[in-house]
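Since the structure comes first, as C-alpha cells, the remarks are kept for the end.
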There are 2 protein chains.
Amino acid sequence: MKDESIQPGLFDDDGTSADKPSSPTRKKAGGGGGATAEQMAKRQREISVSEFFTKNRHLLGFDSPRKALLTAVKEAVDNSLDACEEARILPEVLVEISKVEGHENHFTVAIEDNGPGIVKAQVPNIFGKLLYGSKFHRLRQSRGQQGIGISAAGMYGQLTTGQPIRVWSRTSRRAKAHRFTIRIDTSKNNPVATDEEVEWDKAQGTRVEIDLEGEFRRGQRSVGEFLKLVAVANPHAKISFRDPENEAVVYEAATKELPKETDEIKPHPHGVELGILQKMLQETSEKWVHLFLQKDFSRVGPKVAKEICDKAKISDRAHPKRIAREQALALKKAIDATKIMAPPTSCIAPIGEDGILAGLKKEVEADFYTATTRAPVVYRGHPFQIEVGIAYGRPGDTLDVSESGKIFEDAEKKKRRKKLAEEDLLAEADQPARLIRYANRVPLLFQQSACAVTKAVIQTNWRGYGMQQPRGGLPVGPMVVFVHMASVWVPFTSESKEAIAHYDEIIKELKLALQECGRKLGTHIRKGKKLSGEFKKRNYISTYIPHIGEALQEILGLTDGKRDECVENLTEVLERSRKI
Amino acid sequence: MKDESIQPGLFDDDGTSADKPSSPTRKKAGGGGGATAEQMAKRQREISVSEFFTKNRHLLGFDSPRKALLTAVKEAVDNSLDACEEARILPEVLVEISKVEGHENHFTVAIEDNGPGIVKAQVPNIFGKLLYGSKFHRLRQSRGQQGIGISAAGMYGQLTTGQPIRVWSRTSRRAKAHRFTIRIDTSKNNPVATDEEVEWDKAQGTRVEIDLEGEFRRGQRSVGEFLKLVAVANPHAKISFRDPENEAVVYEAATKELPKETDEIKPHPHGVELGILQKMLQETSEKWVHLFLQKDFSRVGPKVAKEICDKAKISDRAHPKRIAREQALALKKAIDATKIMAPPTSCIAPIGEDGILAGLKKEVEADFYTATTRAPVVYRGHPFQIEVGIAYGRPGDTLDVSESGKIFEDAEKKKRRKKLAEEDLLAEADQPARLIRYANRVPLLFQQSACAVTKAVIQTNWRGYGMQQPRGGLPVGPMVVFVHMASVWVPFTSESKEAIAHYDEIIKELKLALQECGRKLGTHIRKGKKLSGEFKKRNYISTYIPHIGEALQEILGLTDGKRDECVENLTEVLERSRKI
C-alpha cells in the first residue's frame with residue numbers, strides 16, 4: 001500500500017506548509033478527540049436554494065461553459081414560447097449570441113420575443129429568485145415547470161462574469177417599456193433589482209440579456225442544433241439566430257396555427273397520495289367533504305362524491321379540516337376503490353402525426369417516413385401522451401421501381417446520398433440510429449443514456465422489423481427516431497431537464513408507440529430487401545449468362561447467331577424460374 | 001392522422017362528462033382569447049423547496065416503493081456513520097425494517113446508532129426541513145453533503161402514510177433521552193414537532209423511525225445488498241440488519257481503527273469563481289485584502305497574498321468590501337496567474353489499497369485481486385481521490401501450478417465454482433463485469449449508466465488486458481470492478497446521489513486508476529492463458545500418443561515393451577519441443 005497516497009511535493013499532509021506555518025484550517029473538529037453533539041450543533045444551518053444550486057450547478061445544466069451557453073438559450077426560449085402560446089400569439093423569437101470585448105470566454109446571450117411581456121412587479125422575482133413561477137402549481141402542459149431555469153441562468157452569469165441579468169419588458173403599446181438589472185442575493189435567494197422606463201421600438205414583448213462564461217461551437221449539441229430541433233417540433237414559431245461570428249439563420253414558421261390551447265386541470269383523485277390528500281383537506285375553502293371532492297378534483301360529480309364518502313364511512317357533510325389521519329386513509333382507500341372517469345386531456349397538446357411528419361420531412365431527407373400519436377394515458381394522476389416518428393433510409397440506399405416495373409438505381413440520388421450523409425440528421429448505415437427526444441416540444445440534447453426514451457428504444461426488438469441491433473443497444477442503420485412526450489408534468493431525472501425518469505407507465509407507452517411505427521417500418525424494409533434481392537439476381541443473370549453462352553459456343557462449335565439465341569433462351573428460363 | 005388521438009370512452013375532450021356537466025377546471029386561461037401579462041402575473045408565486053421535491057421525489061430516490069425503502073435506509077445509515085466518525089466513535093448501526101399491521105405495503109424503517117446524539121434544539125430542523133445541515137458549507141469528506149436526505153425520507157413517509165418521523169436522541173449518559181415526532185409543513189418547508197423526555201436504555205445515540213410505503217425484496221439493489229456493500233467499504237463499522245421476515249444479518253467490524261480523521265479546509269484560491277470571490281469579499285470579517293486572502297483561503301501566506309495584490313494592481317490594504325467588479329476580476333486573474341500550493345488533503349480519507357483488498361477478499365471469492373489508490377488531485381478547487389480494486393476469475397476458472405510444477409485442476413474448487421456463481425458478486429464468464437461504485441464510502445446502486453465511473457470503465461481498453469469488450473460496453477468476464485471516489489464535494493447527477501457527474505478531471509483520474517489495475521490484471525490473464533494453453537497441449541500428448549504407439553506396434557510388429565518405450569520416447573521429445 002502506498003504511503004497514504006500523498007504525491008510528494010504536490011501535497012503535504014502534515015499540517016506544515018512553507019508559507020503558512022500554522023494554518024487555521026487544520027484545527028481538529030473537537031480539539032483532540034471527536035466532536036460532541038454540542039459542537040456539531042453549532043455548525044447546523046439553513047442552506048439557501050441558490051447556494052445549493054450554485055454548488056450543484058451541473059444539476060441545472062451549467063457544468064461546462066459550452067453546455068452553459070446552450071442551457072441559458074434553452075431556458076429563455078422555453079419561456080418565450082410558453083408566454084406567447086399562453087397569450088395566443090404566434091411566437092417570433094430572436095436569439096443573439098455575441099462575444100464580450102476583452103474577455104476571451106465571456107458571451108452575451110440575448111433572447112427577445114413578441115410575447116405578452118411581464119408586469120413590472122413580477123420581473124425581479126421571475127429572473128432573480130429560484131423556485132418562483134406560475135407553472136409549478138398548475139396542471140397544464142408547458143415547457144417550463146419548475147420556476148428555476150431562467151433565474152439559474154442569470155445566477156450562473158453572475159457567478160462567472162459578475163454581471164447582472166438585464167431584462168426589457170413591455171406589456172402593450174400603451175404601456176411604457178421597462179429595463180431592469182437583476183442580481184441574486186444567493187445567501188437569501190432573493191433578487192436585488194433596479195429598473196427604469198426606457199424607449200423600446202417593440203410594441204410588446206420581453207428581452208433578456210445574460211453575460212456568461214461560455215464556449216461557442218457548432219455541430220452536435222450546439223445552440224444551432226437546438227434551435228433547428230425546436231423548429232422541427234414547433235412549426236408555428238419563427239426563430240431567428242445570430243451567432244457570435246455574425247452568421248444568421250432564420251427558421252420561418254411553417255404554419256399560422258398555434259398548438260391547441262390547453263386548459264388547466266385539477267388533480268385527478270386516483271393520482272392523489274395520502275399526504276397530499278391530507279394537505280388538500282386542510283387547505284380547502286369548502287366546508288363539506290363532498291363539495292371538497294367535487295371542487296378540488298377533476299372528474300368528481302355529486303354521485304361519485306357520495307359513493308366515496310359512503311365507502312369511507314364518512315358523512316358527506318363532514319368538515320374537511322376535521323378529518324383525522326385514519327379517516328383520510330379510509331377516504332383514500334375509498335377513492336382508489338371507486339371507478340372514476342379518466343382525467344380530461346384538454347390540458348395536453350400533442351404535435352400530432354401530420355405535424356411530426358411535416359417536421360421530419362422538412363429537416364430530414366429520407367426514403368420512408370411514419371408517425372404515431374398514441375391516445376393519452378395517465379401516470380400518477382397526470383395525463384400524458386407519447387408520439388413517435390421515424391425517418392428511414394437515405395434516398396438511394398434502397399432501390400426504386402419505375403411504373404413499368406423496371407428496377408433502377410437513380411444516379412442523381414446516389415450522388416446526393418454522400419452529400420446528405422455529411423450534414424443531415426440520419427445516422428450512417430453502420431452507426432446507431434439517431435434518436436431525437438422531446439418533452440413538451442423541447443428538444444432534449446443531453447443524458448441520452450439516462451433517459452426513459454432511450455431505454456424504451458433499446459428494449460424494442462428492432463430485429464423483428466428487419467434492422468440490426470446489438471444486444472442492449474440502439475438499432476443500427478440510416479434512421480432517425482423522433483420521440484415526444486407531452487404531459488402536464490414531465491418527470492425529469494434532474495432539474496436541467498435533459499432526460500425523462502424511468503417510470504414504468506411511461507416506458508410502456510413509449511414501447512407501444514415505437515412498436516406501432518416499427519411495424520410499418522418493417523413492412524417497408526422487407527419490401528426493400530425483396531426488391532434489392534431481385535435486383536441482385538437479375539444482375540447475376542446479365543453478368544454470367546453471356547460468358548456461359550461463349551463457353552457453350554466454344555464447346556459445341558455454335559455460330560454467333562445460335563450462341564445469342566441460346567443466351568436468350570437461358571435468360572428467359574432463368575427469369576421464369578426466378579418468378580415462381 | 002388520428003382524431004386528436006383521444007381514446008374513446010377512456011377520455012373525452014369536449015368539456016362534458018356524465019356526472020359533471022360544467023367542470024370548473026375547463027375554463028380558458030384568459031376568457032376567450034389568450035392570457036395577458038396581468039392575468040399571468042396573478043399566478044406567479046414562490047415554490048417551497050419541499051413542494052418542489054414532493055412533486056419531483058424521484059430526484060431524491062423515492063420514485064418507486066422498492067427504491068424508497070432503500071433510499072430511506074441509506075440516508076439514515078449515511079448520517080449515523082458520519083456522526084460516529086466525526087465524534088470518533090466506532091459505529092454500531094442497527095437497521096430494522098418491519099411491516100405495519102393492517103397495511104399491505106406500509107413499513108416501519110428504524111435506524112439506531114451509538115453516535116453522539118443530537119442536541120434538542122436541532123432535531124426538528126435536521127429531520128423536518130429540507131436544505132438544512134452542517135455539511136453543506138464545510139469542505140471536508142462526509143457521506144451527507146446536501147442537508148436534504150433524511151428530511152426527504154421523512155417527507156416521503158408523511159406523504160405516503162400520513163405518519164410523522166420519530167426520533168430518539170441522547171447526547172450522553174448524564175443527559176436525558178428525548179423522543180420527538182416531526183412533520184414537515186411542505187408549503188413552508190418548516191418542521192412541526194413535539195418532544196418529550198423518555199427513558200432509553202442507550203447511553204448515547206440516535207434512533208430514527210419512519211413509516212413509509214415500500215416494497216421489500218431481496219437480491220440486487222436491495223437493502224441487504226446495500227448494507228453488504230457498506231460493510232465492504234466500511235470495515236470499521238458494525239452493521240446489524242433485521243428484515244421484515246425477521247431474518248437477521250450482522251456484519252461485524254473487521255477493524256477497530258476508524259478512518260483517518262479529516263479536517264475541514266478553506267476553499268483553494270484556484271477553484272474560486274468571480275461571483276464567489278465577490279461574495280467572499282463582501283462577507284469577510286477581514287479589513288485588508290491581503291489578510292482576507294490569507295485567512296479565507298487555504299495555501300495563501302503573506303508572500304503569495306502580496307504577489308496576488310501586486311499582480312492585480314490592488315493595494316494589499318484595500319478594504320475587501322470596497323472592491324468593485326473590475327477589481328475583483330483583476331484579482332481573480334491575478335490568482336489564476338499565481339502559483340499556489342495545491343490544497344491540503346487532510347480533508348479526505350481514502351479507504352486505501354489494503355482496505356480495498358481486505359474488503360474485496362471478504363465478500364468476493366476470486367482468483368486474483370489488485371487495488372490502486374491514486375494520489376489526490378483537484379477539480380474546481382476540491383481535492384478528490386480515486387481508488388480502484390479488481391477481483392477476477394472464479395477459483396477453478398484458471399489453473400493452479402503446484403510447487404513441483406505439476407499442473408492440476410482442483411476438483412474442490414470446481415465444485416465451489418458453481419455454488420459461488422449463484423450468490424457472489426462476480427459476473428458470469430459471458431456477462432459484463434460487475435461494477436461496484438462508491439462515493440465517500442457510500443455504495444451507489446442506481447443509475448449506473450449515467451455515472452462517470454461507468455463511462456471511464458467503458459472507455460478503458462480492456463482488450464489490451466486480455467479481456468473481451470464489446471464496442472461501447474463494459475468488459476465481459478468473471479470480474480468485479482470496485483471504484484471509490486473520495487472528495488470534499490462529490491458532484492452527483494441528482495439529489496438522490498446515485499451517479500457521479502461527467503467532469504473531465506474526474507473521468508481522467510478514474511481512467512488512470514483503472515489502467516493501473518488493468519495492467520496488473522493483464523499480466524495475470526496472460527499468465528493464465530499460457531498455463532491453460534500448456535495444459536491443453538499436455539492433454540493432447542497424453543490423449544493421442546498411446547494410440548500412435550499402438551498403431552506403430554501394429555504396423556511395425558513391436559513387442560509391448562518396445563511399444564511402451566516408443567511412447568515414452570515420443571512423449572519426451574514432444575515435451576522437450578514444447579518447452580522451447
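By the 4.5 Å heavy-atom criterion applied to side chains, A:Leu139 and A:Cys347 are not counted as neighbours. Contact of the A:Gln44 side chain with the B:Val119 side chain is not registered, since no non-hydrogen atoms from C-beta on lie closer than 4.5 Å.
Contacts of B:Arg45 with chain A are made by both backbone and side-chain atoms, with heavy-atom separations under 4.5 Å. For chain A, no part of B:Leu258 is nearby; none of its heavy atoms comes within less than 4.5 Å. Of the two parts of A:Ser172, neither the backbone nor the side chain holds a non-hydrogen atom closer than 4.5 Å to a non-hydrogen atom of chain B. Residue B:Ile89: no heavy atom, backbone or side chain, is found under 4.5 Å from chain A. At a 4.5 Å heavy-atom cutoff, B:Leu357 makes no contact with chain A through either its backbone or its side chain. Of the two parts of A:Arg183, neither the backbone nor the side chain holds a non-hydrogen atom closer than 4.5 Å to a non-hydrogen atom of chain B. With a 4.5 Å cut-off on non-hydrogen atoms, B:Lys332 does not touch chain A at all. At a 4.5 Å heavy-atom cutoff, B:Ser64 makes no contact with chain A through either its backbone or its side chain. Of the two parts of A:Thr493, only the backbone, made up of N, CA, C and O, holds a non-hydrogen atom closer than 4.5 Å to a non-hydrogen atom of chain B. Looking at B:Tyr156, neither its backbone nor its side chain comes within 4.5 Å of chain A, counting heavy atoms on both sides. Contact annotation for B:Ala41: both backbone and side-chain heavy atoms come within less than 4.5 Å of a heavy atom of chain A. Contacts between A:Phe492 and chain B at a heavy-atom distance below 4.5 Å involve the backbone alone (N, CA, C, O). Both the backbone and the side chain of B:Gln146 come within contact range of chain A, judged by heavy atoms closer than 4.5 Å. Interface residue B:Gln278: only side-chain heavy atoms are found under 4.5 Å from chain A. B:Glu51 touches chain A through backbone and side chain together, each having a heavy atom under 4.5 Å away. Contacts of B:Gln163 with chain A are made by both backbone and side-chain atoms, with heavy-atom separations under 4.5 Å. Using a 4.5 Å cut-off between heavy atoms, B:Thr160 touches chain A through backbone and side chain atoms alike.
Looking at residues two or more places apart in sequence or on another chain, you find a side chain to side chain donor-acceptor pair (under 3.5 Å) between A:Asn189 and A:Ser50. Residues that satisfy the ring pair (Phe, Tyr, Trp, His ring centres under 6.0 Å) test with A:Tyr132, not counting sequence neighbours, are absent from this structure.
Options B:Glu38, B:Gln204, B:Arg471, B:Glu46 differ in how many heavy-atom pairs under 4.5 Å they form with chain A, and the most are formed by B:Glu46. Put simply, of B:Ala499, B:Pro470, B:Ser449, B:Gly472, the one with the most heavy-atom pairs under 4.5 Å next to chain A is B:Ser449. Residue with the most contacts toward chain B among A:His502, A:Met155, A:Gln122, A:Lys42: A:Gln122 (heavy-atom pairs, distance under 4.5 Å). Of the residues considered (A:Thr171, A:Thr161, A:Ile276, A:Val49), A:Thr161 shows the highest number of contacts with chain B, using heavy-atom pairs under 4.5 Å. Highest contact tally toward chain A, considering only B:Lys279, B:Lys55, B:Lys129, B:Met40, is held by B:Lys55 [criterion: heavy-atom pairs under 4.5 Å].
Under a 3.5 Å cut-off, the side chain of A:Gln39 and the backbone N or O of A:Thr36 do form a donor-acceptor pair.
Atom OG1 in A:Thr54 sits 7.5 Å away from atom CD1 in A:Ile184 (nearest 0.5 Å). Residue A:Lys135 holds its NZ atom at 13.5 Å from CD of A:Glu264, rounded to the nearest 0.5 Å.
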